[in-house]
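Encoded as C-alpha cells, the structure appears first; notes follow it.
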Amino acid sequence: MGELDAVQLETELLERWSKEGTFQASIDARRNGAPFIFLEGPPTANGKPGIHHVVARTFKDLVCRWKAMEGFLVERKGGWDTHGLPVEIEVQKRLDLMSNEAIEAFGMAEFNQACRESVWTYEAAWREMTERMAYWVDLDNPYVTLDNNYVESAWWALKQMFDKGLLYRGHKVLPFCPQTGTSYSSHEVALGYKEVTEPSVYVKFKLVDDNASILAWTTTPWTLPGNVGLAVGPEVTYARCRIKEAAGEHWTGAGGADVGEEVIIAKDLMKEVLRHHVDIVEEFSGSALVGRAYEPLFPGAVPRGESTTAWTVLAADWVTTTDGTGVVHTAVMYGEDDYNLGMEAGLPAHHTVGMDGAFVPGIHPELDGRYVKDCDATIIELLSASGGTNGKGPSSGLLYREKDYAHDYPHCWRTDHPLLYYAMDSWFVRMTAVKENLLKYNSQVEWAPDWVGEGRFGEWLRNVKDWAISRERYWGTPLPVWRSETGEMKCVGSIKELQDEVAKANAAGIENPACPDDVDLHRPVVDEFTLLSDSGLPMQREPFVMDCWFDSGCASFAQWHYPFENEDVFDGSFPVDYICEGVDQTRGWFYTLLAVSTAVFDEMCYKRCLSLGLILDAEGKKMSKSRGNIVDPWDHFNREGADATRWYMVTAGAPWNPMKFDPNGVRETYAKMFLTLWNVYKFHADYAALDGFDPDSEGVAVHERSPLDRWVLSRLASVGQAYHENFVGWDFHKAARDLEDFMVNDVSNWYVRRSRRRLWDEADSHDKLSCQHTLHEVLVTVCRFMAPISPFMADEIHRNLTGQSVHVAPWPAGVPGSLEGATSDAWDEQAAKATATLPPQDSDLEATMALVRELAEAGRRIRIDANRRQRLPCAQGWIVAGPNLQAFHDLLAEELNVESIQVENDLDRFQQVELAPNFRALAPKARAHVNDVANAIRSADDPEALLAEIVDGGAEVLGVLVEEGDVEIKRVERDGFAAQTVEMNGADGQSLHVSLVLDMNDTPALLSKGMARDITRRVQAKRKALDLAIEATIDLEVWMVNGPEMMADDEHWVASETRAAGCVFHEASATPPSDAEHFEVDGTTVHFTVS
RNA sequence: GCGCGGGUGGCUUAGUCGGUUAGAGCACCCGGCUGAUAACCGGGAGGUCGCAGGUUCAAGUCCUGCCUCGCGCACCA
C-alpha cells in the first residue's frame, strides 16, 4: 500500500486540471444553469500574498464551487487593483522620491510609468499562490483598474454623479498628510487611528481692557498661532476665579499663575483644571462673555483683514463641559467646527501652516519653517515666558498648565505620520443626499454574519458623510472635470466626449495635443488638454486623481467596460449574487460598491456578503510584517498540502470570527481528515481491484444490504443533509466539522473496521458486494460534499471511483440551479429534492447502532475493571433491557469477545433502580424545599419501594406529593456483577438504560481460545515486522511454560489465521531455541518462531 | 467615551428553553487493542466557566457593574 504524498497528489492534479481544462469544463458543464454571479474584490499585486489572502480566497472559492455543483453557471473573472497611494509609495521608496517636488522633478510621466510597472511586481507570486491553492478564478482575462476601458467606465460613472448634482467641489477641513501631500476620506482615516500621548495645554487668553484671562484647552499646540477666536457655550455657567495662594510642590510641567491673577473657566471644570486654591469672584453665563476681545497669542501671525470678529469670544452651542475648560480655542483652518464657526462669524481664513506641514514664514522667529509636530516644546516654552508670546500676558506667562493627554489620533495609513486637519480644496460625492437609499439597499443585503450589516455597516451608513474622493496625487484615475477661471465646469464621461471637446477647443483656436482613440486616460496626458467653456473661456483639468477605492467601487460595471460594451453581460449580472472579503473592507470595498451603485444606478450592488474575521497568529496577535508573525502559505502547501490548509481554515471556527492560525492545526487536520479518508479509500480500492469490483454492475438494493451497510448509508444521508443546511446558513465550519467526524468515527473507525473481514472473503458473496457498493457510495458522496472546501483529494478519489472529475459532478443534496426557472436567490427545496442522491435514512437504525457501539465500549470498561484481558473470551454476555439487538448479536459477540450473547428479560436480576429528581417538574411543587426533596429522593433507602409508591398514585416526600413525572427512573447494574449500564435515547424520546453483564468464569476451552488469540496476535505482529506479504505462508513453532491445555480447533485456528503451513505446538517439556520470540500473558510464558 | 464580538483545563473548542456530575480534540501519564493509518479503545491528571454583585429552589447560560482582548464608531476644542 503506497504511502500518501499529498503534495505530489495535488501537484499532479494541478497539471491534470490545466491539461484537461477542468476549470473551464466545470463552468461549461453548467452552461444551461441559472447564473450565480460572483464579484472578485481586486487585490493589489504590489504586495506579497499571505495566509490571510488564502483564507479569503478559500471562502470565495468554496461558495463558487458549491454553487457550480448545484448546477449554477458561476463565471469568475479575476481582477487587479492597480491605482492609488500604496503603489505610489512603493515607487517613491524605490526611487527615493519622498516629496511631490521630487516626483515632479523626476517627471510625472516617468513616475507613472514606474507605477504602472510596479503594480505587477508580485503578480507571479499571486498567480502561483492562487493556482496552488486551487482558487478557481479567471486570471487570464481579469479586469484591471488601470486599463483605459476601466478608467473610461469610471469616468462615465463620475459623469452620472456630476449630472445628478452629486459631485461637487468644496473647501473643507480634511485629514491631511503632509508627507504624501494628500487628504483622506473618512474610510482611509479609519485605517490609521493610533493611540498617542501628547502634551495638551491650558492657555490663558488675556482679555483686552480687563486683567482676567480666559482659559482654553487644546491638544494640538501647533494650532495656537492660528487662533482667531474663542467659542463658549451661551448657556454654560462660567466663573471668574482669583488665585488665592501659590501652587504646592506637586505641580508638574510648565505653566503657572501668580497669586491674585484672575482666570475665567466653566464652573463645572474648575476642579478638573485648576491646581490653585481660588476664590470665585463672579459667575455668569457664556453669553455674557460673547463679544469680549482678547490679545492674539502670536501677534501678526494671522492678518486681521476685514474681520471685525477676530480675537473675540463667540457663541457656539456645541461647546460642552465634558472636557477642557468649556472654552474652545478656534483656529479656523485646522478644525471642522472651527472652520464652520469661522465662516459664520467672519473670522479671517488664513493658513499659518503650509501644505508641507511646516509653519509659514512670519509666525514667530522660532517656529517659521519648522514641521508643526516638532514645535510643541517650543510653543510651550514661548507661552510660559514672562508676559507670554505677545508680551501682554501676566508675568506668570500665558501657559496655565500642560498635561499629557492620551487619545487616539488619526495617522496616515501608508506612512504612519500623524494627520493634520487642514482646510483645503477637494471634490466630494454627496453621499448624504442618498443616505436613505444606502440604508434601504443595505437592508436588502443578506449579510453573514447578520450583525455586520445591521450593526457595523449600518452604523457607518447612518453616519455617512460626503465622500472626499479627490487626491492631490499622480497615479490614479484622473478626475474628469475641467474648470475655467470663473468656475465654469465640464465633466467628461468618455473618450469620445473628450475628443469632441478637444475638437471644439481646437476650433476655437486652443492648441491641444492629439487625442487619439487610445489616448492614455492618465496623468499627465489628460492634464495637457485644455477645453473650452460654454462662455468661451479655456478650462484646465482639476489636478486631482480619484480615491482608489472609487476604482474598485466601480468593479461591477467597469469590469465589463459598461456602458460602452457588454451591455447584455452587465444587465444579466447586476446586482451580483455574492461577494466575500475581510471585515476590514466594511468601510472599504463593501461601502464603495454600495456607494457607487446607489449614486449611479440607484440600486443595490450585491445580494450576499460574507464578511470574514481577521487572521491572527497562533498567539492571537494580529499578523503583520512588522511583528514578523506572518505565516507563509507555502509552508503548508509544501508540507500538508492545500487541501489540509483549506480544510483547517474552514473548520477552525466561524468564518466571521477572528481566526487564530495554528500551524499545528493544519498538521492535525492532515493526520485526521486526509490520512483517514485516503486510507479508507485505499482499503476500498485495493479490495475492489483484487475482486474486480465494477461499481456500474448490478448493485445490491439498499434494503437487501446488511444492517451495518444500511446504518452507514443512513448516517451519510443525515450528515449530508445537515451539511447542506449548514452551507445554506453560512455555517461552513459546522458542516465540515461534522463531515470530518463522520469520516473518522463512523466510516473509518467503525464501518471499515467492522467490515474488514467481509472483504477478506475470497469467494464472491452477496455480502462482500454489498460492502463494496456501500463504501463506493459513501466515498463518492463524501468527495462531492467536501470538494468545494478541499478540491484535490476529493477529485483524485472521485475520478478513481467514477472516472469523472468531482468538479463536474452534481451536489448530492440536489441541483436546483439546473432546474427550469431557477434563480440564485432561493434554494428551491422541493424542486431540488428530485435531483438529490442521498441514500435512505433510518433513524431507528442509527439510534440502535449508537447503542451497540456504546455497549462495545462498555465491554472494554468491564474487562478493565475486572482485570480480564481483552483476548480472553467470556462464555456469555447478557444484555439487559433496551431494544432488540438481535441483528447485532454476532457483531457484539465479536467486539466483546464473548461466546454468546443472551437477552435477559428479568431486569431485577442484574439491575437496580435509582431515582433522580426531575427539577423541572418538581420545582414548582416543592418550591424552596426542592433541594431537600431532591436529596430525599436520591438517597431513598429502598428506591424500588419508593418508585412503586410513586407509580401507584404518588408518594409523600417531605410533605410534597411526588408523582411519576417528578422523577427520572434510572436503572443501573447491580453491585457485584461485572457489568456496565449505558443510556440511550429511544425513538419515543424516553431514555433507556441498557446493561451489559459479562460472565467472568473461566473454562479450559476459554483459556485455550484466549491463548490462541494471544499467540495469533503476536505472530501477526511478527509477520508485519518481517514485512511479509499478506498471502505469504510461514512455518510456526510454539512452546509454552505453564500454559493452558490447547484444544485442537484452536491450534488449527492459529495456523489458519497466521497462514502457517506448518504449525507445531510443542510439549510443555520441550525447550525452545534461544532465538525464539517470547511473551508472557496471565502467568504463561510463550515462545515461538516464525520461518 | 459609545457600539459590536469574545474571555470555558497547557492549547483549540462545544455547551439548546436556566435543571442533576460542564462535553470533546490536541498534548501529557497509565493501561488495552491492532495484518488498522500520523490509527483506535478505556482510564487518569488538568476547570474558582474573566471578576464582583444580583434574580432564582437552581446560573457557564438571565440582569447590573467592573476587568481584559479584538474590532468598529466618535473623537472634536
Side-chain angles (χ1 to χ4, degrees), chain A residues 1 3-4 186 190 193 200 216-220 223 230-231 316 318-320 322-331 335-338 407-410 421 449 451-452 454-457 459-460 462-463 583-584 586-587 613-614 616 618-622 652-653 656-658 660 662 664-665 667-668 670-672 674-676 678-680 682-683 734 737 741 744-745 748-750 752-753 756 760 856-865 869-871 916-924 926-934 938 968 1016-1017 1019-1021 1023-1024 1028 1030 1057-1059:
Chain A
M1 196 184 271
E3 285 279 296
L4 172 64
S186 42
Y193 274 96
S200 71
W217 181 64
T218 182
T219 55
T220 49
T223 60
L230 292 173
W318 41 263
V319 175
T320 64
T322 51
D323 45 18
T325 64
V327 181
V328 177
H329 140 66
T330 299
E336 196 177 338
D337 286 334
D338 307 46
H407 62 153
D408 287 333
Y409 193 84
Y421 285 89
W451 46 261
V452 167
E454 289 155 20
R456 181 167 300 188
F457 195 57
E459 197 61 34
W460 168 259
R462 282 187 285 278
N463 296 321
V583 69
D584 51 324
T586 308
R587 268 150 208 98
L614 279 179
L616 312 171
E619 255 110 69
K621 298 223 173 66
K622 197 169 163 174
W656 43 85
N657 281 342
K660 287 186 195 170
D662 182 2
N664 197 43
R667 194 204 61 83
E668 214 176 286
Y670 176 73
K672 265 200 128 76
F674 290 92
L675 272 183
T676 304
W678 186 250
N679 284 306
V680 168
K682 285 303 281 181
F683 171 75
K734 290 186 186 168
R737 284 173 180 178
D741 186 63
V744 172
N745 286 321
S748 177
N749 290 346
W750 191 249
V752 169
R753 187 164 70 81
R756 278 190 135 63
W760 290 351
E857 286 169 18
R860 296 200 186 96
R861 275 197 300 270
I862 293 170
R863 284 174 180 273
I864 285 161
D865 290 349
R869 67 183 211 271
Q870 211 67 240
R871 276 181 295 263
N918 175 7
F919 281 87
R920 222 186 277 275
L922 209 52
R927 316 205 26 105
H929 301 298
V930 70
N931 282 324
D932 299 334
V933 177
R938 270 195 278 251
E968 285 170 18
T1016 301
R1017 136 93 181 111
V1019 174
Q1020 301 289 41
R1023 285 184 61 117
K1024 196 174 179 181
L1028 294 181
I1030 288 177
E1057 281 292 302
T1058 61
R1059 287 182 175 262

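A, B, ... follow the sequence lines: proteins, then strands. Residue 1 opens every chain. Everything quoted here is computed from the prediction, not taken from an experiment. Values below: all heavy atoms of this structure, side chains included; hydrogens, waters and symmetry mates excluded.
Counting any heavy atom pair closer than 4.0 Å across all strands shown, A:Ser748 reaches a base atom. A:Arg860 comes within contact range of the sugar-phosphate backbone alone, with a heavy-atom separation under 4.0 Å but no base atom that close. Base engagement by A:Gln1020 is indicated by at least one non-hydrogen atom pair under 4.0 Å involving a base atom. Residue A:Pro917 is in base contact, counting any heavy-atom pair closer than 4.0 Å across all strands shown. At a threshold of 4.0 angstrom between heavy atoms, the contacts of A:Arg863 with the nucleic acid are absent. At the heavy-atom level, A:Arg737 lies under 4.0 Å from the strands shown only through sugar-phosphate atoms. Using a 4.0 Å heavy-atom cutoff across all strands shown, A:Thr676 reaches at least one base atom of the nucleic acid.
Minimum atom distance to the side chain of A:Trp460 is reached by B:C73, of the listed B:C76, B:G32, B:C73. Here the nucleotide nearest the side chain of A:Val328, chosen from B:C76, B:A77, B:C40, is B:A77. Counting only heavy atoms from C-beta on, A:Tyr421 has its side chain closest to B:C76 among B:C76, B:C57, B:G70. Listed candidates were B:G35, B:A38, B:C17. Nearest to the side chain of A:Arg920 is B:C17. When distances run from any side-chain atom of A:Lys672 to the nucleotides B:G25, B:A38, B:G19, the shortest one goes to B:G25.
One interatomic measurement links the two molecules: CZ of A:Arg667 to C1' of B:G25, which rounds to 12 Å at whole-angstrom precision. The distance between atom CZ of A:Phe457 and atom C1' of B:G72, rounded to the nearest whole Å, is 13 Å. Distance A:Asn679 CG to B:U37 P: 7 Å, rounded to the nearest Å. Distance CD (A:Glu968) to C1' (B:U21): 13 Å, rounded to an integer number of Å. Summarising the geometry, the separation between CH2 on A:Trp451 and C1' on B:G70 is reported as 11 Å, rounded to the nearest angstrom. One can place CD of A:Glu1057 at 9 Å from P of B:G35, the figure rounded to the nearest angstrom. Rounded to whole Å, the distance from NZ on A:Lys660 to C1' on B:C69 is 9 Å. Whole-Å rounding puts the A:Asp337 CG to B:A74 C1' distance at 12 Å.
Along RNA chain B, the nucleotide nearest A:Pro658 and the nucleotide nearest A:Glu336 are compared for position; the residue whose nucleotide lies closer to the 5' end is A:Pro658. In terms of position on RNA chain B, the residue among A:Val327 and A:Asn664 whose nearest nucleotide sits closer to the 5' end is A:Asn664.
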Checklist entry - What do the steps show when you test A:Arg456 against A:Glu459 for salt bridge (charged side-chain N to carboxylate O under 4.0 Å, His left out), and what is the final call? => result CA-CA 5 Å; A:Arg456 181 167 300 188; A:Glu459 197 61 34; over 6 Å; no
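Across the C1' atoms, B:C41 and B:A52 are found 44 Å apart, a figure rounded to whole Å. For the C1' atoms, the distance from B:U64 to B:U55 is 11 Å, rounded to whole Å. A gap of 24 Å separates the C1' atoms of B:U21 and B:G7, to the nearest Å. Comparing B:A22 with B:C49, their C1' atoms sit 8 Å apart, to the nearest whole Å. Comparing the P positions of B:G46 and B:C33 gives a spacing of 27 Å, expressed to the nearest Å. To the nearest whole angstrom, the two P atoms, one in B:C29 and one in B:A39, are 14 Å apart. A gap of 36 Å separates the P atoms of B:G72 and B:C26, to the nearest Å. Taking atom C1' in both B:C62 and B:U16, one finds a spacing of 15 Å when rounded to whole Å.
Across all strands shown, B:G5 pairs with B:C69; the Watson-Crick or G-U wobble distances both stay below 3.5 Å. Under the Watson-Crick and G-U wobble criteria, each requiring two contacts below 3.5 Å, nucleotide B:C75 is left unpaired. Across all strands shown, B:A59 forms no Watson-Crick or G-U wobble pair with both distances under 3.5 Å. In a base pair of the Watson-Crick type (N1 to N3 plus N6-O4 or O6-N4) or a G-U wobble (N1-O2 and O6-N3), with each distance short of 3.5 Å, B:U21 is matched with no nucleotide. Pairing for B:C26 is with B:G10, a Watson-Crick or G-U wobble pair whose two hydrogen-bonding atom distances lie under 3.5 Å.
Residues A:Tyr670 and A:Leu4 are in side-chain contact: their nearest non-hydrogen atoms beyond the backbone lie under 4.5 Å apart. Side-chain atoms of A:Trp656 and A:Val583, non-hydrogen and from C-beta on, never get closer than 4.5 Å to each other.
Scanning atom types as modelled, one donor and one acceptor separated by under 3.5 angstrom connect the side chain of A:Arg1023 and the base of B:G35. Taking only distance into account, the side chain of A:Arg456 meets the base of B:C71 through a donor-acceptor pair shorter than 3.5 Å.
Put simply, OG1 on A:Thr330 and CG on A:Asp337 are 8.5 Å apart, with the number rounded to the nearest 0.5 Å. The structure places CD of A:Glu968 at 10.0 Å from CZ of A:Arg920, a figure rounded to the nearest 0.5 Å. To the nearest 0.5 angstrom, A:Thr219 atom OG1 is 9.0 Å from A:His329 atom NE2.
Every residue meeting the salt bridge (Lys or Arg N to Asp or Glu O under 4.0 Å) condition with A:Arg869, not counting sequence neighbours, appears here in chain and number order: A:Asp1014, A:Asp1082.
Not one N or O on the side chain of A:Asn657 forms a donor-acceptor pair closer than 3.5 Å with the backbone of A:Gly653.
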